[in-house]
Number of protein chains: 4
Amino acid sequence: MDADSPRPRAGEPRPRCAEATSAALLDAAAARFARDGYEATSVRDIAADAGVNPALIYRYFGSKEKLFVSVVSRDRDPATVIDGPMDELPDRSVTWFHNRPPAIAGEHPLALMLRSAGREGVSDLMRAQVRDTVAALAARLDGPDAELRAAMILALNVGMGALSSIAGVDVLMAAPPDRLRDHLAAAMMPLIDVPDAATTTPQGAEKTTTAESPANP
Amino acid sequence: MDADSPRPRAGEPRPRCAEATSAALLDAAAARFARDGYEATSVRDIAADAGVNPALIYRYFGSKEKLFVSVVSRDRDPATVIDGPMDELPDRSVTWFHNRPPAIAGEHPLALMLRSAGREGVSDLMRAQVRDTVAALAARLDGPDAELRAAMILALNVGMGALSSIAGVDVLMAAPPDRLRDHLAAAMMPLIDVPDAATTTPQGAEKTTTAESPANP
Amino acid sequence: MDADSPRPRAGEPRPRCAEATSAALLDAAAARFARDGYEATSVRDIAADAGVNPALIYRYFGSKEKLFVSVVSRDRDPATVIDGPMDELPDRSVTWFHNRPPAIAGEHPLALMLRSAGREGVSDLMRAQVRDTVAALAARLDGPDAELRAAMILALNVGMGALSSIAGVDVLMAAPPDRLRDHLAAAMMPLIDVPDAATTTPQGAEKTTTAESPANP
Amino acid sequence: MDADSPRPRAGEPRPRCAEATSAALLDAAAARFARDGYEATSVRDIAADAGVNPALIYRYFGSKEKLFVSVVSRDRDPATVIDGPMDELPDRSVTWFHNRPPAIAGEHPLALMLRSAGREGVSDLMRAQVRDTVAALAARLDGPDAELRAAMILALNVGMGALSSIAGVDVLMAAPPDRLRDHLAAAMMPLIDVPDAATTTPQGAEKTTTAESPANP
DNA sequence: GATGAATGAGCTTTCATTCAT
DNA sequence: AATGAATGAAAGCTCATTCAT
């Protein structure tokens, strides 16, 4: 589409090294997909950014879609954020949120996928990964509605990623990390440690009572 | 692309009425854009759904992009959710979240835009709308970091919309509305009513205290 | 590929008539496919020859392959040659051979297909048509080995078409029609009217005897 | 394209022998070209079949087209069929037709070329070879229209090869050799030995007479 | 002698868009 | 007001071919 992108190095003629080339393609693809979405990114753009010929995308990845899968599968490590003490989850989120690899500029992998959900293969991959993450997170939560709460925790993370990277809400990125963490913790902790009353009081009964009529028609 | 969409009415030969035609186009476009995203939706799909000739899109809207802008601008009413008592914001969010207009099927307008942010004009529009919403919300918030907190509140809403509509996390849509509201309130209230001491005192203890109140209203 | 072809008319801007356009495309495609084969012919070539935009091929025919099918199916009329008295078959062959439409330059439709048998769909179509023709011709033949003889009659026609149009053996096209007919009749009649002896003498027995050992292992 | 071909031997690591390598390439190319045609055959297919690197095709043959030329030029021996008594030509045709070299699987070299006549160089080669064959055959024929009759004899052979190998008319291959020969002789002899009166007398009667002799040898 | 890396040109196809009626 | 015809540009992808090792 356009060519206003960080061509890696224009002088050196790219060493004939398969590993370096495919890595460069992955980096360029990650940045383009994150910035413009799957459909709006052309293989020619990616190749130009990586400083190589578009045909190499097919040599190394087989297709544009497989390249996308490789991008979102690379370094996908929900455990990185999920593992560890749960009450430090907000801290890890902030850290992860601010210490992102340069290629995927501040983009949560899920946010990256959100905007690329047009194609079948992409949607399926995304759904699977989202569900895995929700399940993994829910497994770490005690109390009722673990899955619902896990989904909301993820929603908070994904929403912040989307807003900052896609919508360009710079107040999120520009905020001092500790302020970000404080408020994120304030919002996230009630979802992680549901207050005692919620589990001790006969809320389970209440919930069922209340929900029965409208929830499952 | 495909044609499995609500063709308006096959019997009547569409009255030669500009207003009705452009309205039909807007409806069809909203549904398609929400379901498939901007790039994956073709003007021929939209026109076919509306039962009119694709050229009319250009007659009435000028371009596909302008049609998209018209769609996301129509009925955009952040005030609907923002207006009202702040401590009922979670309730309004849940209500709005569950009572969505039929055309934009269960899709938060922002989530709709998230996945369509490839093209320049679309991105710009979305950014503007997001910033307006953040600003409007921040204006209703007291205490420090109002804009940051507003962005996080929006992030929570957007994240939930994205997860449920794009990623298909059905636990969000299937949850009983009051459970959804309880947990959403638990997460959101600390961002709305930041406890006075939040900036000075060690917040871990405060936070729990603060969260208790909205969780059990 | 190249553009050394009979652009239809360069002055008039092609009347906006669907029928004329698709006919022009069919003509151009027939000529190109006949001259260069299916694979070596590009849709750009065809469109350029027809003086229209390549996209119209897809508007009117759906794909390159479907265009090809349309070409070989158009005016395919084996009956034209087969119908009529069998002893005038050579005359009809010559007539048909010499009175071809200008677009398909001297090309037997089967010869046209012969060189385009790469793609699956093309091969299948061709096989079907060849078998139909053989069967139709065999039905008109009396005596033994009707199908084999029919195949050989077809082979003679196809071979002449291939040699003259593909291999450029101009002695076939340049020959006076009556000389062509005389020799063609000389070769073809023994296949059409197998001499009495062949059917009356105990050749059937002979044949079987001879053939038994090697023919069906 | 696919890889369902006779990979030479997978155990031995191909000796670094130029002659063996180029021979392997020629064999693989002949099989592929015959089976799939020139355009549908890729140099990668050929190289994979031969078990070598595609670049070697360029080392040994210079280009895909030159490789094709080498294939069709190898063992081209029209004399094999043409040499010998003319009245045994049908027998030799049948023999040659049924005893084909294993590499060019059942494919008449001319039929092979017929379907590969797209590219310039290929067409030229084919035309030259066809003309040489016609000329050589015509030189063996007495009487009028020698070249025309030679072309028709060749057309019969080529047509049968094309029909059987390309169009899959199995009645030709499945026929008992002597039936094939009988009918082929019946059609071919009138072209070889043109009856003296053929040009002057009404030929219908003569023709039958002429044909009788070869049909029942 | 042989190979993996890299390239440029071309292909079929789709799409937003405009023109003429 | 509305439509079918036509177009230019670009997309994903494949292939023959060359380069460097």
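Lettering of chains follows the sequences in order, A, B, ..., and the numbering in each one begins at 1.
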Original post:
Between B/Arg32 (CZ) and E/dC15 (P), how many Å, whole number?
Top reply: 11 Å
**OP:** Would you kindly give the CD1-to-P distance between A/Ile46 and F/dA11, to the nearest whole Å?
**Re:** 11 Å
Original post:
What distance do A/Leu26 atom CG and A/Thr21 atom OG1 have between them, rounded to the nearest 0.5 Å?
Top reply: 11.0 Å
Original post:
Base, sugar-phosphate, or nothing: which does C/Phe61 touch, judged by heavy atoms less than 4.0 Å apart?
Top reply: nothing
Below 3.5 Å between N/O atoms, which protein atoms pair up with nucleotides 18-21 of chain E? Just atom names and distances, please.
| residue | atom | partner | partner atom | Å |
| --- | --- | --- | --- | --- |
| E/dC19 | O2 | C/Arg16 | NH1 | 2.9 |

Original post:
Taking the side chain of B/Lys64 as heavy atoms from C-beta outward, which of F/dA5, E/dA16, F/dA2 is closest to it?
Top reply: E/dA16
Subject >> Exercise: identify the closest heavy-atom pair between A/Ala50 and A/Ala24 >> reply: CB-O, 3.7 Å
**OP:** For F/dA5, take OP1 and OP2 only and decide whether either is under 4.0 Å from a side-chain N or O of C/Arg59.
**Re:** yes
Subject >> Between C1' of F/dC15 and CD1 of A/Ile57, the distance in whole Å >> reply: 17 Å
**OP:** Output yes when a side-chain donor or acceptor of A/Thr41 lies under 3.5 Å from a complementary backbone atom of A/Arg32, and no otherwise.
**Re:** yes
Subject >> CA sep, side-chain torsions, deciding dist, call: C/Tyr38, D/Glu39, side-chain contact (heavy atoms from CB on, under 4.5 Å) >> reply: CA-CA 9 Å; C/Tyr38 180 85; D/Glu39 308 274 359; over 6 Å; no
Original post:
Which dot-bracket string fits DNA chain F when only Watson-Crick or G-U wobble pairs with both atom distances under 3.5 Å count, crossing pairs get [ ], and | stands for a partner on a different strand?
Top reply: .||||||||||||||||||||
**OP:** Mind checking the CZ-CG spacing from A/Arg44 to A/Asp49? Nearest 0.5 Å is all I need.
**Re:** 14.0 Å
Subject >> Point-to-point distance, once rounded to the nearest 0.5 Å, from OG of B/Ser42 to CG of B/Asp45 >> reply: 3.0 Å
Original post:
Closest to the D/Thr21 side chain: E/dA2, F/dA6, F/dC15?
Top reply: E/dA2
Subject >> Minimum heavy-atom distance between C/Ala28 and C/Ile46, given as atom pair plus value >> reply: CB-O, 3.6 Å
Original post:
Which listed nucleotide (F/dG12, F/dA1, E/dT12) is nearest to the side chain of A/Ser42?
Top reply: F/dG12
Subject >> Residue met sooner reading DNA chain F from 5', once D/Ser63 and B/Tyr60 are mapped to nucleotides >> reply: B/Tyr60
Subject >> Polar side-chain contact A/Arg44-F/dG12 base: donor and acceptor under 3.5 Å >> reply: yes
Subject >> Selection from E/dA16, E/dA5, E/dA2 that lies nearest to any side-chain heavy atom of D/Leu56 >> reply: E/dA2
Original post:
Rounded to whole angstrom units, what separation is found between the CG atom of A/Asp45 and the P atom of F/dA10?
Top reply: 11 Å
Distance-only check: which donor-acceptor pairs under 3.5 Å involve side-chain atoms of residues 51-59 of chain D, not counting sequence neighbours?
| residue | atom | partner | partner atom | Å |
| --- | --- | --- | --- | --- |
| D/Asn53 | OD1 | D/Ala55 | N | 2.8 |

Subject >> Rounded distance in Å - CD (C/Glu39) to P (F/dT14) >> reply: 15 Å
Original post:
Are the side chain of D/Lys66 and the backbone of D/Tyr60 linked by a donor-acceptor contact shorter than 3.5 Å?
Top reply: no
Subject >> Row check, D/Phe33 ring normal vs D/Lys64 NZ/CZ: under 6.0 Å, within 45° >> reply: no
**OP:** Using the closest heavy atom to pick a nucleotide of DNA chain E for each, name whichever of A/Glu19 or C/Thr41 lands nearer the 5' end.
**Re:** A/Glu19
**OP:** Can you tell me the distance, in whole Å, between the CG atom of B/Asp36 and the P atom of E/dT14?
**Re:** 17 Å
